[in-house]
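A short write-up of the structure that comes next.
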Amino acid sequence: MISIIVPVYNIEKYLPRCLDSLIGQSFLDIEIIIVDDGSTDGCYYICEEYGRKDPRIVVIHKTNGGLVSARKVGMKAARGEYIAYVDGDDWIEPQMYEQMYQKMIEENVDIVMCGRFEDVADTSKKVFHGVKEGRYKKQELQKLVYPKMISGDTFFEWGIFPGLWDKLFRRDCIEMFQLAVDDRIAMGEDAACTYPCLLNTNSIYVIHECLYHYRQNESSMVRKSTEPEKERKKFCILYQSVYNVLEKNKYIYDLREQWKKYVLFLMVPRADTLLEGIECLDYLFPFPEVRKGSNIIIYGMGVYGQRLYQYIKRTGFCNLVAAVDQNYAVLNKKEMLIEAPENIVHYNYDAIVIAISFAKARTAVYRELCRLYFPDKIHNMSEELIFSDEIQKRFGII
C-alpha cells in the first residue's frame, strides 16, 4: 500500500537505525525501496544484509547521481498507491505510517504531513508546521495556507516545511512533480518538488504530532564550498526551474515572491561563497552599517553564525572580539570558543551583529540587546539590502 523511498549515500554509521525503524513500523503493508546512490563506504553491504532480512525491502544500486536522481529511481520502482520518503540518516517513530495512512483514508486527502524532531548530537527539539492542525480543501488552501505556505510576510518564517520526508503522498499527486525536478539541483531538492505539488493538490491534512526524526548535520551546512561559481550556478538552477513552474501555475496562487524569499533564505548564510564580489564590499554583509575592520561580536552561533564566524576568521574582514549564544555550553564542543551572552559586558566593541536567520527569534534578540546595551551598536540584517536588485544580481537570481 505504501512505498517508502530511502536514498542512501555514504551514511553507514546511521543507516541501520533508519532501516530498523522502517521494518519495525506498526503499519505492515509497505515496501521499502533502498536506492544506494553509488556509496563508497559500507552502505552496499548493509543494504544487502537488510534486503535478505525482510522480503518487503527492494535494494537498488546505482552510480552516483545525487539525491534527486536517487529519488527518481525509487519512484519509478515503487508499486505502492501511496509514496513516502525517509532519508537514510534519519529515523521514524513506530506508528508514523499507521497514523498518517489512517488520516489519509478517514479525511480523504491527497497529502498528510506531521511534525518532526530535530536531532543534533544529544539534543532533540519538537518542530511543527506553521499552519494549524486539520484538514484543508482547495478553497481553504487558497485562503489559509498558500498565502504563507513557503514564507510569511517576514524574512524568514516557515509556513509548510519543504521536506518530502515528513509527508505521505497519494501517488498520482506527487509522481509527475518528483520526476520533473532537475537532477542538477543539490540544495533545496525537497522544496523543488514539495511546493509545486502542494500548489496543485486538492486537499491536505496537517497532524501536530512529531513522528519523524530529522538528523541535522551541521558540519556539512557550515562547510565552505571550494567551487563558488559551481555552487552559485546550482542555486540559480534551483531558483529558475521552480520559478518557471510557479509562474505557469500562478492562476492557482502566485507563490513567486515567497519562492524568492526561500532561495535568499538559503543563500544569505552562504554569502561567503555565493555573493559575487563579497570581498570588495566595504561593509559586512548583510549589515550595511558595520564597516570593514570593525570590532564585532557575533550573537547567534547556529549554522548562520558559524559560517559568519569562519568567514571573518578566514579573511580578517572584521576583528572578531567574541561569539555568544544562549546555547554556548553545547556549542563549545565544537572548535570555537563560544560564550554566554552576559559576557558581552566584558568586551569593547563597535558592533554586535545578530546572525539569526528566523525573523521572530532575530527580532526578540534585537529588542533584548537594545534594552541592555547601546542600541546604535546593535545590528540586525537589512532585509531592504537583501532584497535589493544589486544583491539579487550578485547572487545571480536576476
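Looking at residues two or more places apart in sequence or on another chain, you find no side-chain hydrogen bond (donor to acceptor under 3.5 Å, both in side chains) involving Glu276. Applying the side chain to side chain contact (heavy atoms under 4.5 Å, CB included) criterion to Gln99, with sequence neighbours excluded, gives Gln95, Glu209, Leu211. Not counting sequence neighbours, the partners of Glu106 by the side-chain hydrogen bond (donor to acceptor under 3.5 Å, both in side chains) test are Gln102.
Annotation: Trp165 is in aromatic contact with Tyr214 [ring centroid separation under 6.0 Å].
A salt bridge does not link Lys393 with Glu390: none of the charged nitrogens is closer than 4.0 Å to a carboxylate oxygen. Using a 4.0 Å cut-off between a side-chain N of Lys or Arg and a carboxylate O of Asp or Glu, Arg314 and Asp272 qualify as a salt bridge. Remark: Lys167 does not engage Asp110 in a salt bridge, criterion side-chain N to carboxylate O under 4.0 Å. Look at Glu140 and Lys137 and you find no salt bridge, because none of the NZ, NE, NH1 or NH2 atoms lies under 4.0 Å from a carboxylate O.
Taking 4.5 Å as the limit, every side-chain heavy atom of Arg362 sits out of range of all side-chain heavy atoms of Phe156. Between Glu339 and Tyr347, the closest side-chain pair of non-hydrogen atoms falls below 4.5 Å.
For the side-chain contact (heavy atoms from CB on, under 4.5 Å) criterion with Val353, the lone passing option out of Leu308, Asn380, Ile297 is Leu308. Of the listed residues (Arg17, Arg116, Glu118, Glu93), just one forms a side-chain contact (heavy atoms from CB on, under 4.5 Å) with His213, and that residue is Glu93.
Relative orientation of the Trp158 and Phe358 rings is tilted, given thresholds of 30° and 60° on the angle between their planes.
The shortest non-hydrogen separation linking Phe395 to Met267 is O-CE, 3.4 Å.
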